[in-house]
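Take a look at the structure below.
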Amino acid sequence: MKQGARAEQQEDQVGKAGGKITPRETDYPQWYQDVIREAELAEPAKVVKGCMVIKPHGYAIWEKLQRDLDGRFKATGHQNAYFPLLVPQSFITKEAEHVEGFSPELAVVTHAGGEKLEEPYVIRPTSETIIGYFFSRWIESYRDLPLLVNQWANVMRWEKRTRMFLRTTEFLWQEGHTAHSTHEEAQAEVMRMLDVYGDFAEQVMAMPVIRGIKTDSERFAGAVQTTCIEALMQDGKALQAGTSHDLGQNFGKAFNVMFQTEAGGRDYVWQTSWGVSTRLVGGVIMTHADDSGLVLPPRVAPIHVVIVPIYKNDEERSQVLAAAESIRAQLADVDLAPPRSRHRDFIEVVIDDRDLRPGNKFYMWERKGVPVRVELGPKDLAKGQVCVKMRVDTAAGRGKEFIAQNEFVATIKERLDRFQDELLRIARERLQERSRTIDTWDEFLAAFAGEKSTFAWCHWDGTRETEAKIKEQTRVTIRCIPLPGHGPAPEEGRCVFSGNPSARRVLMAKAY
RNA sequence: CGGGGCGUAGCGCAGUCUGGUAGCGCGCCUGCUUUGGGAGCAGGAUGCCGGAGGUUCGAAUCCUCUCGCCCCGACCA
């Protein structure tokens, strides 16, 4: 935290009910933490290094993400299962690259039941190994394939540096694991799930993403190829929001997962794995939130509408609350889920009848990112209207609007859908504005000076050495080599760093 | 693992230099008045001053040793 920002924050907290949110301009990382604290999404666990407590409002967002994703996994033929938290240490060492990649960040259980264990367990950093082991027991014939499972779980990686939601020692995620009889089929699975993630990010989180392939140095430890979705955060940095890996036969060989082919031979299975984590919550924050706090797209909002009753005496209070309850009951039947969705998404309404002044409530709910606020007082009852304020001024509503009650109820779905679309449109515009082609090293240095970042489309000579040097000098990494339709069309050019020939531009940015 | 910061009331902090028996703001509780953008007044509760040793008549404060957390880098969903 910067000294100035802290002093300012303390001063501003004096005499106020809630804490202060540092403006993004002043100190972006501090803003991020302030939003999380003020929206009551999570807090550092303190007593457990690098871990966080996800508070009810934060967890409710995760549950919404989870529910939608789960429906998409099932719609693509996957089933949920659950594997042990602890993995025999020897399992991790069976795949050479996998050991190397994960060893430094493992937490190991050496004692249990009051005794030293013969073989230590590691707390899963990911489950390829133990799932590989069970796949080898479950798969005998090509008739057992494809095997498509997903696990919702917690995992643990002892990272050197943690940030709430973006990188914590323990985090929640989903990991899909599949086994196929041919490489082509596995590759198709990898792309199918990448598309699931990409569509989900855009349609549900209103977070536009670039789909691409990781370079060798950024590839998952043990994978043949890693594909990813990358999102632009408001500070110009990139967030890897999801990955889908082609594991080839690497784990098949390591865990002897063989099957009898249709032709009667024997072969190792071709596997994939794919995952997204609670990091997505960080993505929502850094895509939409503003200096007043969190902003939630309706499809991830646990609460869509908050009604703040306004009254001067008990009689008005009971009248207003009765009217509020009637509106709540009508809204509660509205299903926001898109057609053909696997689940229903009814509007959640909170009537905030706490004994606080309305202004105080307005600030609180704004910080929590609730999309729609309704003020309801005696004047509104007299006129049969409601006072509506959207969390952010967009084409879906600006300022305080006074609308007939029945009209408000009748159009709430359109209003929320429109708001969802507007947030996506704004995020897309930002992505466009912050994306640029860069061809000279001077221009590159200027674009990434200090803490600055942007989505830079640059030519790269394809070597690990160049990639490493760029990273060393600027902290900029190659986020991905874009898939067709993502980023500029392929064109020959010269590497922004080395000047050597390049076949296409890649996405470069500083990353979370 | 390097660099920086910090452990004192639920939260944020002052007090530490210059030892003298713990304070401010917010929040919390009670009451009254309030309620369309962060309410006002009056009363009230809350502390093993991170832990362990030491120095001293006396330690939040000085000395030694520890434990932990946060932030900034290198590593990564």
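Residue numbering restarts at 1 for every chain, and letters A, B, ... go by the order of the sequence lines.
Base engagement by A:Leu356 is indicated by at least one non-hydrogen atom pair under 4.0 Å involving a base atom. As judged by a 4.0 angstrom heavy-atom cut-off over every strand, A:Thr169 is placed among residues making no nucleic acid contact. A:Thr243 comes within 4.0 angstrom of nothing in the nucleic acid, heavy atoms only. Contacts of A:Gly275 with the nucleic acid, taken as non-hydrogen atoms under 4.0 Å apart, are absent. No contact: A:Lys361 has no heavy atom under 4.0 Å from any strand. At a threshold of 4.0 angstrom between heavy atoms, the contacts of A:Leu280 with the nucleic acid are absent.
Proximity note for A:Gln240 (side chain, C-beta onward) versus B:C1, B:C69, B:A77: the nearest is B:A77. Among the nucleotides B:G38, B:A74, B:A77, the one closest to the side chain of A:Met364 is B:G38. Minimum atom distance to the side chain of A:Glu159 is reached by B:A77, of the listed B:A77, B:G36, B:G38. Of the candidate nucleotides B:A77, B:A39, B:C72, B:C72 has the atom lying nearest to any side-chain atom of A:Pro29. With B:U35, B:C70, B:A77 as the choices, the nucleotide that has an atom nearest any side-chain atom of A:Phe171 turns out to be B:A77. Closest to the A:Lys471 side chain, of the nucleotides B:G36, B:A39, B:C75, is B:C75. Distance from the side chain of A:Arg367 is smallest to B:G38 among B:A77, B:G38, B:G36.
Base pairing of B:G12: its partner is B:C24, meeting the Watson-Crick or G-U wobble criterion (both donor-acceptor distances under 3.5 Å). Using the Watson-Crick or G-U wobble rule with both distances under 3.5 Å, B:G19 pairs with nothing in any strand shown. Within the shown strands, B:A52 is the pairing partner of B:U64 under the Watson-Crick or G-U definition, both distances less than 3.5 Å.
A cation-pi arrangement is present between A:Arg373 and A:Phe362, with the terminal nitrogen or guanidinium carbon under 6.0 Å from the aromatic centre and inside a 45° cone about the axis.
Side-chain contact between A:Thr215 and A:Glu467 is present, with at least one heavy-atom pair separated by less than 4.5 Å. Residues A:Gln405 and A:Ile327 have side chains in contact (heavy-atom distance under 4.5 Å, counting atoms from C-beta outward). In this structure, A:Val349 and A:Ile307 have side chains that are in contact, with non-hydrogen atoms separated by less than 4.5 Å. Inter-residue side-chain proximity for A:Met286 and A:Lys237 is flagged as unmet; no heavy-atom pair is nearer than 4.5 Å.
B:A22 and B:G50 have their P atoms separated by 15 Å, given to the nearest Å. Between B:C49 and B:G44, the two P atoms lie 25 Å apart (nearest whole Å). Across B:C62 and B:G58, the matching C1' atoms stand 13 Å from one another, rounded to whole Å. With P as the reference atom, B:A60 and B:G53 are 14 Å apart, rounded to whole Å.
One atom, CZ of A:Arg357, and another, P of B:U35, lie 7 Å apart when rounded to the nearest Å. One atom, CD of A:Glu316, and another, C1' of B:U34, lie 13 Å apart when rounded to the nearest Å. Taking atom NZ on A:Lys312 and atom P on B:G36, their separation rounds to 7 Å, with Å as the unit. With rounding to whole Å, A:Arg475 atom CZ is found 10 Å from B:C72 atom P. A:Asn313 has its CG atom 14 Å from the P atom of B:G36, to the nearest Å. For the pair A:His98 NE2 and B:A77 P, the computed distance is 12 Å after rounding to whole Å. Between A:Phe102 atom CZ and B:C75 atom C1' the separation is 12 Å, expressed in whole Å. If you take CE of A:Met52 and C1' of B:C69, they are 17 Å apart, rounded to a whole angstrom.
Taking 3.5 Å as the limit, the base of B:G38 and the side chain of A:Glu366 contain no donor-acceptor pair of atoms between them. Judged by atom type and distance alone, A:Arg37 does not reach the base of B:G12 through any side-chain donor-acceptor pair under 3.5 Å. Remark: the A:Asp380 side chain and the B:G36 base include a donor-acceptor N/O pair separated by less than 3.5 Å.
When the side-chain nitrogen and oxygen atoms of A:Arg163 are compared with OP1 and OP2 of B:C72, one or more of them lie within a distance under 4.0 Å. In this structure, A:Arg161 reaches the B:C72 phosphate: one of its side-chain N or O atoms is under 4.0 Å from OP1 or OP2. Between A:Arg317 and the phosphate of B:U35, there is no side-chain N or O to OP1/OP2 separation shorter than 4.0 Å. Phosphate contact (OP1/OP2 of B:G36, side-chain N/O of A:Lys389, threshold under 4.0 Å): absent. An OP1 or OP2 oxygen of B:C71 is reached within less than 4.0 angstrom by a side-chain nitrogen or oxygen of A:Gln33.
Between A:Tyr512 and A:Pro378, the one whose closest nucleotide on RNA chain B sits nearer the 5' end is A:Pro378.
No side-chain N or O of A:His177 forms a donor-acceptor pair with one of A:Ser273 less than 3.5 Å apart.
Contact check on A:Glu401 versus A:Lys389 returns no salt bridge, with no Lys/Arg side-chain nitrogen under 4.0 Å from an Asp/Glu carboxylate oxygen. Under a 4.0 Å N-O distance rule, the pair A:Arg219/A:Asp216 qualifies as a salt bridge.
Here A:Phe362 does not pack flat against the base of B:G38, since the 5.5 angstrom centre distance and 30 degree tilt limits are not both met.
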